[in-house]
There are 2 protein chains.
Amino acid sequence: MDGRKQRVLELLIEDYVNTGEPVGSRTLMRKYQLGVSSATIRNEMADLEDEGYLEHPHTSAGRVPSDKGYRYYVDQLLEKTGLDDALIQWIQASYRARVREITWFMHQTAKLVSDITAYPTLVMAPRMSEARLAELSLIPMRPGLAVLLLRMDSGLIESQTVAVPEELAATDLTAMARDLSSSIEGVPIRNLENAIWRQFKGDLARHRQFWEEMIQRLIEVANDEERMAVSGTRNMLNYPEFRDVDRLGRVLGFFEKETEIDRLVSGRPPQGIEVMIGGELPFNDIQDCSVVTAAYRMGHQVVGRVLVLGPRRMHYGRVIAVLEAVSEELSRALEWA
Amino acid sequence: MDGRKQRVLELLIEDYVNTGEPVGSRTLMRKYQLGVSSATIRNEMADLEDEGYLEHPHTSAGRVPSDKGYRYYVDQLLEKTGLDDALIQWIQASYRARVREITWFMHQTAKLVSDITAYPTLVMAPRMSEARLAELSLIPMRPGLAVLLLRMDSGLIESQTVAVPEELAATDLTAMARDLSSSIEGVPIRNLENAIWRQFKGDLARHRQFWEEMIQRLIEVANDEERMAVSGTRNMLNYPEFRDVDRLGRVLGFFEKETEIDRLVSGRPPQGIEVMIGGELPFNDIQDCSVVTAAYRMGHQVVGRVLVLGPRRMHYGRVIAVLEAVSEELSRALEWA
DNA sequence: AATTAGCACTCTCTTCAGAGGACTGCTAAG
DNA sequence: CTTAGCAGTCCTCTGAAGAGAGTGCTAATT
């Protein structure tokens, strides 16, 4: 593809991303100084259409990029755009007041990205069930009530308030918890249910029912009651393509389909940013959308993903830049966690 | 208002709630056996309109209830509807696996109510700043990292992971925390910032910077980073009156206006269920909506509210019944917390 | 050979008038 | 007090006409 044709495609996509209106040859000529007449542009556009980069809603309308057009744009034409300093500082500051609970990180990230990009954003949680337990402790708060603290090998900490038998003395409780902790250290939470029963002897066995419930709680944490955080869905109302309520409903519905989203991101190249455009998405409900996802890491392992969903005419460059910065910062924050 | 007129009003409201279409006299006659002709009903309806209970979108349309009509219906005609057992058990079970963290309660409640009623639901958090601190403890997790546990006089427990100076030994840390705890016990969190500085002496003073940050965290908790939980906004798409995207946007925007919502529910009679219909709401953005709110308690004190928002043609009876059951159950769960 | 100007053509979107339909309000009879 | 009947009102739907935008093609120009 020669330079001018690329330039036409690029300008057309950028204009369409900004306006949402099909772009005609005259518009393109007037808005950007291309140095050639509209007829020439018309010819280029006709070629681009023949090659599948553009589409024609109808004869008398301007052109619109096709999936293939966007794909070419993202892969070939898009230059890495830097973020301005204020924005980078905003992102960094967002993780400064960090708490270690993973849900906080997720919500924070979803809100941050949707605030910056003005697209709805979803953050998928790490699968806790893969994590190993580093330490378990039980802090008595008052008779009948204690806090269960879990430290994972990754450094993340989870806490849950739990009811304990009133007749158990605080010191016994902590001692028993210490016993339990030392014997299940390093066990993947996923295997906990199997591994645990062997440990129930001595004091532990006497309060078997209670400890069983405790393990249940632990497994609940592992099963990630809250697997996803979503923010900024209201942004969709800003885009004319979602002013159709039915379409809006389908797209909103997508955010509730945990398994589908799981399927979408799992089996993806584990690192970096990925862009999925329109028909490339395996779901009918969102085929007029695009999704940009970024993996985030804990140590060197990818543990979760941030998804930005928008109309196909998305500001790909900016979204990619933001996701790069945010996933980097999030990974760093999790490493320290 | 005589019996037949009441009956006409009641049936008309119920039909309109179900269909969303203006109700004509013939429809009313055919659908429900009223034993009189459409002309008679027409006369009754004309009277009801004169008295302000009904409205006429235009001459050749059926009637629609006015705010006054709904108000009369809610205050006079609505009979307490019981919930079926399965539903009550669902509600009770939802709080059974209870954790003590207030945010969990809020999200759980919002989800529960929006699932049952199919209306968007918002839960307001208790103002922590009114609470008093019963106990503060700091649990060392590993070098440089600890969990800050706060027990309020209400019984609620909050936890936050915090960074601690690496050079501090675990035993020193807990001892210092115990010191601090004993001296700020019973202080309303709101006053904490003022009260605290006097306590910084001895060991505490040596690590002043760290403890200052700790207090900051504590105050953050008190200021209720997360004051509201919302669930079920997607339900709005089911109601034809919100198929207009602009209206939808205004209503969704309402959920983000913390201060306005605060204003709406504060200064309300503290107990029980309250219904606000259309124009009775002090916000232009949601004047074609109704809001039903229920207070929930902690002990004997009202600490927060559940809000259900829907079109004016809401299933008031059912929503009220659900909110009564849920707020009761939530209050009970919080009492045990 | 590439570019440009000109023009007929196509297709959508908006506007407008007219028909159809639903319901009311009124009148007069039961 | 109730009912039947009917004229009148007003919305909504439909189809046609007109405006506007943009294309594709052809022929002229560089």
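A note on names: the letters A, B, ... follow the listed sequences, proteins ahead of strands, and every chain is numbered from 1.
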Asker: Would a 4.5 Å heavy-atom cut-off, applied to side chains only, mark A:Asp246 and B:Arg243 as touching?
Answerer: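 Yes, side chains in contact.
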
Asker: Just one of B:Arg7, B:Gln6, B:Arg4 clears the side chain to side chain donor-acceptor pair (under 3.5 Å) bar with B:Glu44, so which one?
Answerer: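 When side chain to side chain donor-acceptor pair (under 3.5 Å) is applied between B:Glu44 and each of B:Arg7, B:Gln6, B:Arg4, only B:Arg4 qualifies.
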
Asker: In this structure, how many angstroms lie between the P atom of C:dA22 and the CD1 atom of B:Ile41, rounded?
Answerer: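 Checked: the CD1 to P distance equals 18 Å.
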
Asker: Can you identify which nucleotide, out of C:dT4, D:dT23, C:dG25, has its nearest atom closest to the B:His56 side chain?
Answerer: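 Nearest to the side chain of B:His56 among the choices is C:dG25.
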
Asker: Rounded to the nearest angstrom, tell me the gap between atom CD in A:Glu49 and atom P in D:dT23.
Answerer: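 To the nearest whole Å, that distance equals 10 Å.
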
Asker: Can you tell me the distance, in whole Å, between the CG atom of B:Leu12 and the P atom of C:dC23?
Answerer: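 Rounded to the whole Å, the gap is 12 Å.
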
Asker: Take the protein atom NZ of A:Lys5 and the nucleotide atom P of C:dT3, then report the distance between them rounded to whole Å.
Answerer: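 Interatomic distance, NZ of A:Lys5 to P of C:dT3: 11 Å.
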
Asker: Please report the distance, rounded to the nearest Å, between CZ in B:Arg42 and C1' in C:dC26.
Answerer: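 Whole-Å distance recorded here is 10 Å.
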
Asker: So what does A:Thr27 touch, heavy atoms closer than 4.0 Å: a base, only the sugar-phosphate, or nothing?
Answerer: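 Counting heavy atoms under 4.0 Å across all strands, the contact made by A:Thr27 is with sugar-phosphate only.
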
Asker: Counting heavy atoms from C-beta on, name the nucleotide in C:dG21, D:dT3, C:dT24 closest to the side chain of B:Met45.
Answerer: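 The closest nucleotide is C:dT24.
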
Asker: Measure CZ/B:Arg26 against P/C:dT24 and give the value in whole Å, please.
Answerer: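 Checked: the CZ to P distance equals 11 Å.
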
Asker: Please determine if a side-chain N or O atom of B:Ser37 lies less than 4.0 Å away from the OP1 or OP2 oxygen of D:dT3.
Answerer: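 The answer is yes; a side-chain N or O of B:Ser37 sits under 4.0 Å from OP1 or OP2.
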
Asker: Contact between B:Leu34 and B:Leu11 at the side-chain level, heavy atoms closer than 4.5 Å - yes or no?
Answerer: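 When only atoms from C-beta onward are counted, B:Leu11 and B:Leu34 do touch, with a gap below 4.5 Å.
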
Asker: Identify which nucleotide among C:dT24, D:dC11, D:dG24 has an atom closest to any side-chain atom of B:Ser25, counting heavy atoms from C-beta outward.
Answerer: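 Minimum distance to the B:Ser25 side chain belongs to C:dT24.
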
Asker: Rounding to a whole Å, what distance do you find between B:Glu21:CD and C:dC23:P?
Answerer: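 After rounding, the gap between these two atoms is 10 Å.
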
Asker: Using a 4.5 Å cut-off on heavy atoms from C-beta on, say whether the side chain of A:Cys289 contacts that of A:Phe242.
Answerer: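 They are in contact (side-chain heavy atoms under 4.5 Å apart), so the answer is yes.
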
Asker: With the side chain counted from C-beta on, respond yes when B:Leu112 and B:Trp90 share a heavy-atom pair under 4.5 Å apart, and no when they do not.
Answerer: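 Yes, their side chains come closer than 4.5 Å.
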
Asker: Both B:Ser38 and A:Thr59 contact DNA chain D. Taking the nearest nucleotide for each, which residue is further toward the 5' end?
Answerer: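 Looking at the nearest nucleotide for each, B:Ser38 comes out on the 5' side.
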
Asker: Figure out the CD/P separation between A:Glu55 and D:dG22, and round it to whole Å.
Answerer: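 That distance rounds to 18 Å.
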
Asker: Does a side-chain N or O from B:Thr40 land closer than 4.0 Å to OP1 or OP2 of D:dT3, or not?
Answerer: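 For D:dT3, OP1 or OP2 has a side-chain N or O of B:Thr40 closer than 4.0 Å.
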
Asker: Closest approach to the side chain of A:Val36, judged atom by atom: which nucleotide of C:dT4, D:dT23, D:dT3 is it?
Answerer: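 So the nucleotide nearest the side chain must be C:dT4.
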
Asker: Nearest nucleotide by nearest heavy atom, which residue falls closer to the 5' end of DNA chain D, A:Ala39 or A:Arg30?
Answerer: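 The residue mapped nearer the 5' terminus is A:Arg30.
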
Asker: Between C:dG25, C:dT12, D:dC10, which one does the side chain of B:His58 approach most closely?
Answerer: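 Nearest to the side-chain atoms of B:His58, counting from C-beta on, is D:dC10.
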
